[in-house]
Amino acid sequence: MERTSSKMGKNRTGVQMSPKATEAMLAFTQQRQPTSHGDESGIAALRQSYIEEGDGVGSVPLPGTAKGMLKSGAKMMTGSRPQALVDKLAERLAFERTGTRLYTALITKHRSDVEGQVPIDQLVRFRDDEAQHVALLAEALQQLGADPTAQTPGADLVGVESMGLMQAITDPRTTFAQSLHAILVAELADHEGWDLLIALAESEGHKDLAQRFAAALDEEQTHLDHVRRWVSALTMGEARVGAPS
Ligand SMILES: [Fe+2]
Ligand SMILES: [Fe+2]
């Protein structure tokens, strides 16, 4: 079925659809008292009470194996905050794993009519890059004696953050172009994530890791450049198709 991201239709969500009702609604807000009491301070106080009771999103686990502990003991002595590095490595791993799944879902939506602008081979290559990034991070965590399968606070956080991206791409109603926009959000975060991880690895005295991660950052730059261009080309293309002649 032919589908574009921004076709004209029977959208009734805006107030312009009903000028009379809009007028009546505005008049009501000016003349009457609100129908419910209180303001946003109530929800802020409730949230504050939960914040005070909350004890954070999990913790960074201790290395699980004796071998791992020995290794991390030797390696971790070099940095001042080894747990921060383990948390950020696990965070990046979780996001790269999601990135792999996002590309897999996007590839399902690829259609022959966009092949000229977005070659499917390139999407498959990017998906494979993301999977390799997962492997690279798992190896780095193992080298530090940490468990790459552990869900650290950072890993948990990015899992929740990326839920919206996954929902947007796997929604059967969203177009390829709309799904690609969600990938752009992921790639922007990917790029920033590697940048910060490299800085942290360096400051913790792990120059070898930082060097390996620099190659991943280069790949992310390529992903970002391409996805940006594709989103722009598809958006402009749809604008041209939809433009009045
Ligand atoms: Fe990646
Ligand atoms: Fe990427």
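Side chains included, hydrogens not; waters and symmetry mates left out as well; all remaining heavy atoms used. In each ligand, atom 1 is the first atom listed, and ligand 1 is the first ligand listed.
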Asker: Given the rule in the side chain to side chain contact (heavy atoms under 4.5 Å, CB included) test, do Ile183 and Phe126 qualify, once you have shown the distances and angles that lead to the verdict?
Answerer: CA-CA 11 Å; Ile183 290 277; Phe126 290 178; over 6 Å; no

Asker: State the atom name: nearest N, O or S atom of His223 to the Fe ion (ligand 2).
Answerer: ND1

Asker: Distance alone, cut at 3.5 Å: any donor-acceptor contact between the side chains of Gln143 and His206?
Answerer: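 His206 and Gln143 do not have a side-chain donor-acceptor pair below 3.5 Å.
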
Asker: Does Glu220 bring an N, O or S atom to under 2.8 Å of the Fe ion (ligand 1)?
Answerer: yes

Asker: With respect to the Fe ion (ligand 1), please indicate if Asp129 possesses an N, O or S atom at a distance under 2.8 Å.
Answerer: no

Asker: Any carboxylate oxygen within less than 4.0 angstrom of a Lys/Arg side-chain nitrogen, looking at Glu23 and Lys20?
Answerer: no

Asker: Cut-off 3.5 Å, side chains only: do Asp129 and His223 have a donor facing an acceptor?
Answerer: yes

Asker: Restricting to N, O or S atoms of Glu96, which is nearest to the Fe ion (ligand 1)?
Answerer: OE1

Asker: Donor-acceptor check, side chain of His226 to backbone of Thr222, threshold 3.5 angstrom: yes or no?
Answerer: yes

Asker: Kindly report the OE1-the Fe ion (ligand 2)-OD2 angle for Glu187 and Asp190 respectively, rounded to 10°.
Answerer: 90°

Asker: If we ignore hydrogens and angles and just use 3.5 Å, is the side chain of Glu115 paired with the main-chain N or O of Ile120 as donor and acceptor?
Answerer: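 Yes; judged by distance alone, with no hydrogens or angles, the pair exists.
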
Asker: Give the name of the N/O/S atom in Glu130 that lies closest to the Fe ion (ligand 1).
Answerer: OE1

Asker: Could you confirm whether His133 has any N/O/S atom lying under 2.8 Å from the Fe ion (ligand 1)?
Answerer: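 Coordinating: yes.
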
